[in-house]
Number of protein chains: 2
Amino acid sequence: MLSKSCVYALRAIVYVGHNGSENHKIGIKEIGEELDLPVHFLSKILQSLVKHNILQSTKGPHGGFYINEVSGEIKLLRIIEVVDGLSFFHKCGLGMHECSDTHPCPLHDDFIVFREGLYKIFSTKTINDLVKKVEDGNAFIQNLNTKN
Amino acid sequence: MLSKSCVYALRAIVYVGHNGSENHKIGIKEIGEELDLPVHFLSKILQSLVKHNILQSTKGPHGGFYINEVSGEIKLLRIIEVVDGLSFFHKCGLGMHECSDTHPCPLHDDFIVFREGLYKIFSTKTINDLVKKVEDGNAFIQNLNTKN
DNA sequence: ATATAAAAAGACCTAAATATCTTTTAATAT
DNA sequence: ATATTAAAAGATATTTAGGTCTTTTTATAT
């Protein structure tokens, strides 16, 4: 559903939100190592988040990534929008071009309940909501002994 | 969520169920043209469905695809299983290796509702259910003037 | 038996997603 | 000012999904 890029983005940003701050920035290496993600690939993704002002970064010594107060309140949907686009939330489950409440495909009525449920979740929850969850003990760092 | 292959499979099988029968088999050309799908690609997908006994076919003159009584009652989930595999229905929304009710990722509780709801639909509905929907007037054939 | 029609099978091609490596730019500390 | 550090940017490689084309097999009608 979400691409790898998108999932990497979400996990990285939560990691940064959880472990970093404006005066303790997190380097890409640390993120990659801790989350067991391909560093250079992740770097591209975060670059794009920075461009879109979802994440902050500075170069040079003691540089790295962090999120400011505004970014923490950004909705997960915004990250999905930037990384994957929102087409999933509009398109038909059976790939029909014209599928809508008034002209539904044979799966429409059932599918739409879940599509819209997901939309609700992603358009409501913020980065900080996930960070809070992690602080309340939710799983976050991979067990590196477990394979994909 | 579902790959194109999978969606093509579902649409094709519904087309065959709706328009064909054991003594009126449907050629791959017709399916491809009517559903506006790439014929040779679709052909591979249907081949695999035939191998798995989800769809029936015969070669030669007046040959083509059809579904028998048994196949009509096959669950959509079985088609998904054969074409895409079922990993979607087991894996974590945030791509964590170990994510479960007892060791949940920060998105788990919300995501699982969606994932399991979809599972319910696909493991309940049959090919015939979709065919019936089409016979009750649900959208099915693409408007070819509309682009992807 | 033979020709024909249609799916099966195999080889190949293309585009997109994912991943890696190298060079450049820009902060910071000295 | 300079060296150093870390992200940004660019180029390239790999993998997977999606798609096309050609040849082979098999069922049927003649």
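Naming convention: chains lettered A, B, ... in sequence-line order (proteins, then strands); numbering from 1 in each chain. Remember, it's a predicted structure, so these values are computed and weren't measured experimentally. Excluded from the calculations below are hydrogen atoms, water molecules and symmetry mates; all remaining heavy atoms, backbone and side chain alike, are included.
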Undergrad: So, does the side chain of B:Q47 form a donor-acceptor pair with the base of C:dA9 at under 3.5 Å?
TA: yes
Undergrad: A:K59 side chain: which of D:dG19, C:dT25, C:dA9 is closest?
TA: C:dT25
Undergrad: Of the options C:dC21, D:dT22, D:dA9, whose atoms approach the side-chain atoms of B:H40 most closely?
TA: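 Among C:dC21, D:dT22, D:dA9, the one nearest the side chain of B:H40 is D:dT22.
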Undergrad: Ignoring backbone atoms, establish whether A:Y8 has a side-chain N or O less than 4.0 Å from OP1 or OP2 of C:dA19.
TA: yes
Undergrad: Using a distance-only test with no angle check, is there a side-chain donor-acceptor pair under 3.5 angstrom linking B:H108 and B:D101?
TA: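 Short answer, yes.
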Undergrad: 5'-most contact on DNA chain D: A:P61 or A:L46, nearest heavy atom basis?
TA: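 On the 5' side of the pair lies A:P61.
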Undergrad: Measuring to OP1 and OP2 of D:dG18, would you say a side-chain N or O of B:S5 lies under 4.0 angstrom away?
TA: yes
Undergrad: Side chain of A:K44, base of D:dG10: donor and acceptor closer than 3.5 Å?
TA: yes
Undergrad: I'd like to know if A:E81 and A:R78 make a salt bridge, using a cut-off of under 4.0 Å between side-chain N and carboxylate O.
TA: yes
Undergrad: Once the angle between the rings of A:F111 and A:F88 is folded into 0 to 90°, is it parallel (under 30°), tilted (30 to 60°) or perpendicular (over 60°)?
TA: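 Correct class here is perpendicular.
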Undergrad: Of all the choices, D:dA9, D:dG18, C:dT18, which nucleotide is nearest to the side chain of B:K4 once you look at every atom?
TA: D:dG18
Undergrad: Using the closest heavy atom to pick a nucleotide of DNA chain D for each, name whichever of B:G63 or A:S57 lands nearer the 5' end.
TA: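 Between the two, 5'-proximity favours A:S57.
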Undergrad: Taking the minimum atom-to-atom distance to the side chain of B:F65, which one of C:dT25, C:dA8, D:dA11 wins?
TA: C:dA8
Undergrad: The side chain of A:V50 lies closest to which of these nucleotides: D:dA8, D:dA9, C:dT20?
TA: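 Closest nucleotide to the A:V50 side chain: D:dA8.
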Undergrad: Under 3.5 Å, is there a donor on one side chain and an acceptor on the other for A:N128 and A:T126?
TA: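 Short answer, no.
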